[in-house]
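Report on one structure; see the data block that follows.
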Amino acid sequence: MTALRVALLGCGTVGTEVVRLLREQADDLAARVGVPLELAGIAVRRLDKRREGVPAELLTTDAMGLVTSDDVDIVVEVIGGFEPARGLLLAAMKAGKSVVTANKALLAEDGATLFGAAREYGADIYYEASVAGAIPLLRPLRESLVGDHVHRVMGIVNGTTNYILDQMDTSGAGFAEALNEAQALGYAEADPTADVEGFDAAAKAAILAQLAFHTRVTAAGVHREGIADVTSADIASAKAMGCVVKLLAICERVPSEEHRAGRGVSVRVHPVMIPRSHPLASVREAYNAVFVEAESAGSLMFYGAGAGGAPTASAVLGDIVAVARNRVYGARGPAESTYAELPVLPMADTVTRYHVALDVADRSGVLARVADAFAEKDVSIQAVRQEGHGDEAQLVIVTHRAPDGALSATIERLRDLEIVRAVASVMRVEGDD
Ligand code: NDP
Ligand code: HSE
């Protein structure tokens, strides 16, 4: 039978491993697909770079020529970023190729154009590697759970920030030192601010929410806060409470009495304190873990390597086999599903809980005035304790659940109080209510 020809766009951390697996597992892959998979070419930026295990004769800088070649059936994009990746994927689908991409930034920014092209040209577009590296997560959401009603998807989807927070928590490492290590291990994006500022996790949250809720969600609809402002004081405060700080992506239906589907969806990425007894608290280093809560299935947890060349290449290979099988059998994978069209709600409408540490004057009446500020905004306090005395006095307050808008307005009110010397730490709390 005729082989299927694969064009690889990009040969960096992920691409190099895709080449290795395609070559080392060629016989098994051929048996699983039904026909051999052959590398037709590898587009890169620099031809003179040393690449261990990559056949030099396959390298080219003419990516557009490669994707539109009649000699190519499947295009795998692991360049990253917006252009030229978007133009190359669109040209590939227009030319009748099946495409596989790991590019969450592009999918979350302009998925509509990519999925529109897939529909128009009858092309397959698979992207399992774009969220949580090796962990099979998108296929379960898109296929296994498609008959269920998903309420919530919550988890750690960025390996770099989890690595940094874990190092800060366990070894007391500084932020910069931990980031350097994550970069050296191949976890970080080309521009690590995408990890640190939460852009990478926000893109993944948009992809997860779109699949879970059958609603178009773009990166712009995701409330995003990174970990750059997480201080060692926050880490210490979390420890004192028996918690750990994690950067979580949280996608949830906001309930409504009238509509079973919910009033809308809330999609957010921000640091949270979670109890050390929570399963997400034990997710160490660059590992990822995601909880899915669905009506009939109940709670499911997905855990594994969320970044790195080989784990990500495993997910890419799974997609290559899937689209190759579709070509062999003349079938197509599931199309994009956004029929529910739920509104994406602003962060102010999302119900959360806050942990607040306030440096305060140590005298009578202070606690009452602080409590008044919470009461004014209708925010109920769950627990309060004082740490230190005199100039060191700090009030640590944990709230009950309240709209995020009311909680943030309370913080603004507290900043104005003359008895509050400083708002030392504000962080949302998840997982123990
Ligand atoms: P790298 O930066 O390591 O590799 C990028 C590759 O793209 C390089 O080979 C580079 O060429 C090539 N490239 C860049 N610009 C062009 C261009 N204009 N034309 C042709 N080739 C070009 O990225 P990663 O492998 O880390 O990531 C690739 C994708 O996978 C990204 O979308 C990323 O978000 C995603 N991803 C990465 C994970 C990871 O752990 N690294 C995990 C999950 C997803 P050259 O080698 O010549 O510089
Ligand atoms: N930079 C990403 C991370 C790679 O750290 O998780 C995986 O998408």
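All ligand and atom numbering here is 1-based and tracks the order in the structure.
For the residue pair Tyr163 / Asn158, no side-chain donor-acceptor distance below 3.5 Å is found, with atom types taken as modelled. Thr352 and Arg401 share no donor-acceptor pair across their side chains, judged by distance under 3.5 Å alone. In summary, the side chains of Thr60 and Asp62 do not present any donor paired with an acceptor at a separation below 3.5 Å, with no hydrogens or angles considered. Counting only N and O atoms by type, the side chains of Ser425 and Asp234 include a donor and acceptor under 3.5 Å apart. Counted by atom type alone, Glu177 and Gln167 present zero donor-acceptor pairs between their side chains at under 3.5 Å.
The shortest contact between atom 31 (C) of ligand 1 and any protein heavy atom is with Gly80 CA, 3.6 Å. Of the protein's non-hydrogen atoms, the one nearest atom 46 (O) of ligand 1 is Arg51 NH1, 2.9 Å. Remark: minimum distance from atom 26 (O) of ligand 1 to any protein heavy atom is reached at Thr13 CB, 3.6 Å. Of the protein's heavy atoms, Thr312 CG2, 3.4 Å lies nearest to atom 43 (C) of ligand 1. Residue, atom and distance of the protein heavy atom nearest to atom 41 (N) of ligand 1 are Gly186 O, 3.4 Å. Val14 CG2, 4.0 Å is the protein heavy atom nearest to atom 27 (O) of ligand 1. Counting only heavy atoms of the protein, atom 5 (O) of ligand 2 lies nearest to Thr160 OG1, 2.6 Å. Regarding atom 11 (O) of ligand 1, its nearest protein heavy-atom neighbour is Arg45 N, 3.3 Å. Among all non-hydrogen protein atoms, the one lying nearest atom 17 (C) of ligand 1 is Pro84 CG, 4.0 Å.
Relative orientation of the Tyr339 and His214 rings is tilted, given thresholds of 30° and 60° on the angle between their planes.
Of all the atoms in ligand 2, the ones that sit under 4.0 Å from a non-hydrogen atom of Gly159 are 3 (C), 5 (O), 6 (O). For ligand 2 and Lys104, the ligand atoms under 4.0 Å from any heavy atom of the residue are 4 (C), 7 (C), 8 (O). In summary, the atoms of ligand 2 found under 4.0 Å from a heavy atom of Glu189, numbered by their order in the structure, are 1 (N), 2 (C), 4 (C). Taking every heavy atom of Asn158 and a limit of under 4.0 angstrom, the matching atoms of ligand 2 come to 2 (C), 3 (C), 5 (O), 6 (O). Taking every non-hydrogen atom of Gly306 and a distance limit under 4.0 Å, the qualifying atoms of ligand 2 come out as 7 (C).
When the heavy atoms of Ile79, Asp195, Asp48 are ranked by distance to atom 22 (C) of ligand 1, first place goes to Ile79. By heavy-atom distance, the residue among Tyr287, Tyr187, Tyr163 lying nearest atom 4 (C) of ligand 2 is Tyr187. Considering Ala182, Gly12, Ala307 only, the shortest heavy-atom separation from atom 1 (P) of ligand 1 involves Gly12. Residue Glu189 holds the heavy atom nearest to atom 34 (O) of ligand 1 of all those in Glu83, Glu189, Lys204, Glu128.
The closest approach between Gly133 and ligand 2 stays at or above 4.0 Å for every heavy atom of the residue.
Met154 places none of its side-chain heavy atoms less than 4.5 Å from the side chain of Glu293. Counting heavy atoms from C-beta on, the side chains of Asn162 and Lys246 come closer than 4.5 Å. A 4.5 Å side-chain heavy-atom check between Val272 and Val429 finds every atom pair outside the cut-off.
For the pair Arg152 and Glu430, the salt-bridge criterion is met [side-chain N within less than 4.0 Å of a carboxylate O]. Salt-bridge check for Arg428 with Glu225: passed, with a basic side-chain N closer than 4.0 Å to an acidic carboxylate O.
Separation of the Phe115 and Tyr127 ring centroids falls under the 6.0 Å cut-off. Between His149 and Phe213, the ring centre distance reaches or exceeds 6.0 Å.
In this structure, the separation between CD1 on Ile74 and CG on Leu8 is 12.0 Å, given to the nearest 0.5 Å. Note that the CG atom of Leu59 and the CD1 atom of Ile42 stand 5.5 Å from one another [nearest 0.5 Å].
Residue contacts with ligand 1: Cys11 is placed with a nitrogen or oxygen under 3.5 Å of a nitrogen or oxygen of the ligand (distance criterion only). Ligand 1 has an N or O atom lying under 3.5 Å from an N or O atom of Gly308, backbone or side chain. Looking at ligand 2, you won't find any N or O of Ala188 less than 3.5 Å from one of its N or O atoms. Any N or O atom pair closer than 3.5 Å counts here, and Arg46 shares at least one such pair with ligand 1. Any N or O atom pair closer than 3.5 Å counts here, and Glu77 shares no such pair with ligand 1.
Residues Arg216 and Gly111 come closest through the heavy atom pair NH1-C, 4.4 Å.
Heavy atoms of Asp200 found under 4.0 angstrom from ligand 2 belong exclusively to the side chain. Only the side chain of Asp195 comes within contact range of ligand 2, with a heavy atom under 4.0 Å; no backbone atom does. Contacts of Ala129 with ligand 1, taken as heavy-atom pairs under 4.0 Å, involve the backbone alone.
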